[in-house]
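So you know, we letter chains A, B, ... as the sequences are listed, proteins then strands, and number each from 1. Computation of the quantities below employed the complete heavy-atom set of this structure, encompassing side-chain atoms and omitting hydrogens, waters and symmetry-equivalent molecules. This one's a predicted model, so the numbers in the text were calculated from it and none came from an experiment.
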Protein chains: 2
Amino acid sequence: MVTLAEVARQAGVSPSTVSYVLSRKRSISDDTRRKVEAAIEALGYHPHAGARALASNRSNILALMVPLRSDMYVPVIMEIAMAVTTEAREYGQDVLLLTKDEGTRGVRRIAGSGLADAMIVMDVELDDDRIPVLRETDTPAVLIGLPADPAGLACVDLDFEATGAACADHLADLGHRDVALIGEGEGVYQRHTGFAALTLRGFQRRAAERGLRAMHRACEGTYESTAGILSRILEERPSTTAFVVQNESAIPPLLSLLRLSGRAVPEDTSVVAICPDQVALQSSPRLTSVSIPAEEMGRRAVRMVMAQLEGDRGESVTLLPPILTVRESSAPPSAS
Amino acid sequence: MVTLAEVARQAGVSPSTVSYVLSRKRSISDDTRRKVEAAIEALGYHPHAGARALASNRSNILALMVPLRSDMYVPVIMEIAMAVTTEAREYGQDVLLLTKDEGTRGVRRIAGSGLADAMIVMDVELDDDRIPVLRETDTPAVLIGLPADPAGLACVDLDFEATGAACADHLADLGHRDVALIGEGEGVYQRHTGFAALTLRGFQRRAAERGLRAMHRACEGTYESTAGILSRILEERPSTTAFVVQNESAIPPLLSLLRLSGRAVPEDTSVVAICPDQVALQSSPRLTSVSIPAEEMGRRAVRMVMAQLEGDRGESVTLLPPILTVRESSAPPSAS
DNA sequence: GTGAAAGCGCTAACAG
DNA sequence: CTGTTAGCGCTTTCAC
């Protein structure tokens, strides 16, 4: 372990000087700066994280709490986590991975130990028990997701209500009259995760406003459940000409089933997905979709949390506007 | 911030006593232990991570280096990461998330700063440039994956060569004669990631030994590429009656295409996948598969790294034996 | 523009 | 079984 003191000796300056060239908190002559930097380079010096945390009361670590096993689509979680990690490095911060199952104890542990300077919390439930703990703590925090009562907290999320509405609008614009939303699994609605319910509400309201007849069915995403739901929908309302899919796992089965039943997409049936762009682009045909801005949410969360570390009050709700991209899976309903 | 000193005062004992009840490094009378624990509880004390790291030279953090964007299947990466995190907590360790793109600089930074006690490295390439750095460092490390030269390092991985062989065996046992391996994308083979090449080798050798005619095609996993590869295989060798799929993304398209072309699985065509159990179980029909033991690898990696922190030499290669589970997608070839 | 020195909160000898 | 105390390596006044 090479220490700051050794660097100082090697450079022929005092320890505090070395500290200051590192922190840029006071001006240093070009000459000494160079000497110090040379010494750092030569010795391969890296400041001891613990010592720094102790003296400065800043760990330069952000805690990220992710779902251990959730109904959320795994690639989205991963993309958010990677975006958070990448963006955090831009601020010189590292990321500590916590699992949601540590729950409030995890939050208390982090806040109490100074292990992290701030927290980013994913997979937020409407009435999440971590929220009160976060509120009473003075550790800056940002939620990715929207709880029932966001008062006193900072949140980022896709505007799912607007997302549902955008899907209804697009299909109404194309001239569809009977549409169906294939949603997330039952569990997602029951666990009171906000996004699924919000999407549904936005979809139904806008559908009503636009004079569409809208159905909704929860879907677990397996081949079997998708098949069952599809056939039930088509039985109950054979005039259905368009589907909105929210559960990413249901996309491959749905496309496969439509093909099998001889319904061409988009000629006979339109499909609009709510999914990451990558999924929409990998499917065949490429899907018209509202993209889940996973990377954007991750980056924003970091920026928001860093702003709080700079003194920002940290009470804000950022809802990212949905972006619907028209691709090959949606078209006007066939004249038949 | 409540400190150990405050706890000591509240409990009417000396700071070191508090420290020792926490570390259990010397025996404490039941009476004092109770008083201390009560004080800790009452004050909501959590040891300061930085201070502890500085004084003990142990951060209680494990660094986990994950691929930022890889050709690896995302859910597998995620499952490993979650298993590592969960198992680490069993040892009182937290997990720091690093991205592979930090490369050797990342490794040096962590080793030099004492931020983590040890490293777990994923997405290892055959000739990974992080390996020499890991070797010269005295930071314990475990690779998840198998490099060309594992000398002096600890590694865990699925035994992919045996995996390829197991697939060939299963199909040979069923009586198939013409089989094809639908592999990973070109990039995976070119980046010199070991697992794809090993699987192929194991498959080809065993196929030859068992008198099978084996084909192999790389596959990007999109619907189009899968369609192209499938039709080329069936054109070049129409007698092909079984497929082994290594690229998880190719599974849904493959099943969909087989259905479309009227080939029933498993009556006309057998499919064996190399994928997490969950994927095999979600497909229809449920797939005969060799499971990717993501959780097992993550847990093992943690145990191995912890053993090194206890003094283990840390030179070992653990190859987990493949487990092939027969489900509904494989059967003897039709008599035709 | 630079140095000296006092902690930050904890661990681990050493002493009893 | 318990207490005293000297650091761990860094940041940050205070002083020049």
Any side chain to side chain donor-acceptor pair (under 3.5 Å) involving residues 35-48 of chain A? Give me the pairs, sequence neighbours left out, ordered by first then second residue.
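Non-adjacent pairs meeting side chain to side chain donor-acceptor pair (under 3.5 Å): zero.
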
Check side-chain hydrogen bond (donor to acceptor under 3.5 Å, both in side chains) between [X] and all other residues, then give those that pass, not counting sequence neighbours.
X         : value
Ser291(B) : none
Thr99(B)  : Asp101(B)
Asp94(B)  : Arg109(A)

Within [range], which residues have any heavy atom lying less than 4.0 Å from an atom of DNA chain D?
range                     : value
residues 11-22 of chain B : Val13(B), Ser14(B), Ser16(B), Thr17(B)
residues 35-60 of chain B : Leu54(B), Ala55(B)
residues 24-33 of chain B : Arg26(B), Ser27(B), Ile28(B), Ser29(B), Thr32(B)

Run the side-chain donor-acceptor check on residues 10-17 of chain B: report pairs under 3.5 Å with partners two or more places apart or on a different chain.
unit_1, atom_1, unit_2, atom_2, d
Ser14(B), OG, Ser16(B), OG, 3.1
Ser14(B), OG, Thr17(B), N, 3.4
Ser14(B), OG, Thr17(B), OG1, 3.2

Are any of the side-chain heavy atoms of Gln93(A) and Val302(A) separated by less than 4.5 Å?
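No. Closest side-chain heavy atoms not under 4.5 Å.
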
Given side chains that start at C-beta, do those of Arg58(A) and Leu309(A) come closer than 4.5 Å, heavy atoms only?
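Answer yes - side chains close enough.
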
Is it the case that atom CD in Gln278(A) sees more than 12 heavy atoms from other parts of the structure closer than 6.0 Å?
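Check fails, neighbour count at 12 or below.
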
Provide the full list of salt bridge (charged side-chain N to carboxylate O under 4.0 Å, His left out) pairs with a residue in residues 13-27 of chain B, sequence neighbours left out, each pair given once.
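Salt bridge (charged side-chain N to carboxylate O under 4.0 Å, His left out) check on residues 13-27 of chain B returns no pairs.
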
Salt bridge (charged side-chain N to carboxylate O under 4.0 Å, His left out) contacts touching residues 298-311 of chain A (sequence neighbours left out)
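Residue pairs passing salt bridge (charged side-chain N to carboxylate O under 4.0 Å, His left out), neighbours aside: Glu87(A)-Arg299(A), Glu87(A)-Arg303(A), Glu295(A)-Arg299(A), Glu296(A)-Arg300(A).
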
Between CE of Met82(B) and CD1 of Ile77(B), what distance do you get to the nearest 0.5 Å?
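Rounded to the nearest 0.5 Å, the CE-CD1 separation comes out at 11.5 Å.
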
Distance in angstrom units between Arg9(A) CZ and dG3(C) C1', rounded:
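These atoms are roughly 16 Å apart.
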
Contacts table for residues 118-134 of chain B: side-chain donor-acceptor under 3.5 angstrom, sequence neighbours left out:
unit_1, atom_1, unit_2, atom_2, d
Asp123(B), OD2, Lys100(B), NZ, 3.0
Glu125(B), OE2, Lys100(B), NZ, 2.7
Glu125(B), OE2, Arg191(B), NH1, 3.4
Asp128(B), OD1, Arg130(B), N, 3.0
Asp128(B), OD1, Arg130(B), NE, 2.8
Asp128(B), OD2, Glu125(B), N, 2.9
Asp128(B), OD2, Arg130(B), NH2, 2.8
Arg130(B), NH2, Met122(B), O, 3.4
Arg130(B), NH2, Asp123(B), O, 3.2

Under 4.0 Å from any heavy atom of chain B: name the first and the last nucleotide of DNA chain D that qualifies, 5' to 3'.
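The contacted stretch runs from dC1(D) to dG9(D).
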
